Amino acid sequence: MDINNRELATLTIIIFALSYALYKDEDKGIITQTKLLLKSLFAKPIFITILLFTLYISLEVILLAKIGYWELYLLKDTIIWSLTAFALILNHRAIVAKENFLKKIIMDNIKILTIFQFIVNFYSFNYIVELFIVTLATLIVGMQAVIKLGPSKEGYELTEKVLNTTLSILGGLLLYFTINELLDNPTHFFLVSTLKSFLLPVLLITLYIPFYYLIIIYSKYELINATVDRTIKDTTLSKYLKKSIFRKSLLQYSKLKIIHPQIYLFNYLSTKQEFNKKINELLQGK
């Protein structure tokens, strides 16, 4: 599992960022910060999610190995992809707000990750140059995030345009040198090992989508159940409503998305028959 200069530079930036984050709070030393980090990781919901995620990715790898696709040299690519896939889970609430989010996830991952793997694995500069490139790219992306997440973009339009242009130029230069390398050594790309590495993200994201969808469904049911408990004080009716929502919706996120913001309506009902009628009304046409 070889690590090229770009990945080494990225690792350097990550270590630096983590070290800064641990030391920036003068009131909390590195031991305290580490304990807080571990405590959050081992909180039940997060720990279970990490455990299930690790198990599922392991099953993906075992399946691909069984059919003769996955080999040990693909471990680095698998780890890089897994970090991106786990980020999807952490950001799932923002993602599911978009229409056709599963299709968008698949297309974005295939498009971005295959290009990313292609550039990262096929060509890299010396360590100093890579450290400069990675640092610059990180700063640009960070500044873009600050502008997007800020209360208003007013006054930052030019800055955002400059950042986007700079990032595009940087990406274009990397792609230019990569294509030059490909033209100079075309047989290198068409090695079986290179092709496997190039297509690995496509296979992994395709196999990953069912698990990701189940995590989204589970999270939505957790939110709905919590809302029902707050809204319906009668324990018997509360349990019945949860079961009814499950029977009517099952694994259909579109139905859960309709029901969740309308839970408060059930507070004005008092019988199981009324609950069923209201659920049917809400889901009419779905």
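Treat the numbers as computed from the prediction; the structure is a model and nothing was measured.
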Grab the two heavy atoms, one from K257 and one from K220, that are nearest each other, plus how far apart they are.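 Scanning both residues completely, I find the closest heavy atoms to be CA-CE, 4.1 Å.
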Indicate the atoms forming the closest heavy-atom contact of T271 with L237, along with that distance.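 Scanning both residues, the minimum pair turns out to be C-CD2, 4.4 Å.
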Report the distance from atom [atom1] of [X] to atom [atom2] of [Y], rounding to the nearest 0.5 Å.
X: K243; Y: S238; atom1: NZ; atom2: OG; value: 11.0 Å
X: L52; Y: L214; atom1: CG; atom2: CG; value: 10.0 Å
X: Q284; Y: I258; atom1: CD; atom2: CD1; value: 11.0 Å
X: T231; Y: L265; atom1: OG1; atom2: CG; value: 10.0 Å
X: I224; Y: F246; atom1: CD1; atom2: CZ; value: 11.5 Å
X: I279; Y: K277; atom1: CD1; atom2: NZ; value: 13.5 Å

Has the side chain of [X] got a donor or acceptor atom that lies under 3.5 Å from a matching backbone atom of [Y]?
X: S82; Y: T78; value: yes
X: Y221; Y: L250; value: yes
X: Y264; Y: T227; value: no
X: E274; Y: S270; value: yes

Residues Y127 and T12: side-chain donor-acceptor under 3.5 angstrom: yes
Decide whether N276 and K248 meet the rule of one side-chain donor and one side-chain acceptor closer than 3.5 Å. no
With side-chain contact (heavy atoms from CB on, under 4.5 Å) as the criterion, how do K242 and I245 come out once you've worked through the C-alpha distance, each side chain's angles and the decisive distance to 0.1 Å? CA-CA 5 Å; K242 292 176 188 176; I245 292 173; 5.9 Å; no
Between W70 and L75, is the side-chain contact (heavy atoms from CB on, under 4.5 Å) condition met? List the steps. CA-CA 9 Å; W70 198 91; L75 179 60; 4.1 Å; yes
Hey, quick one: are L64 and L72 part of the same hydrophobic cluster, counting side-chain heavy atoms closer than 4.5 Å, chains of contacts allowed? yes
Applying side-chain contact (heavy atoms from CB on, under 4.5 Å) to Y69 and L63, what does each step give before you reach the verdict? CA-CA 9 Å; Y69 189 94; L63 174 62; over 6 Å; no
Check whether NZ of the Lys or CZ of the Arg R247 lies under 6.0 Å from the centre of the six-membered ring of Y240 and within 45 degrees of that ring's axis.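 The answer is yes, since R247 meets both limits relative to Y240.
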Carefully, step by step, assess I57 and F53 under the rule side-chain contact (heavy atoms from CB on, under 4.5 Å). CA-CA 6 Å; I57 298 301; F53 174 80; 3.8 Å; yes
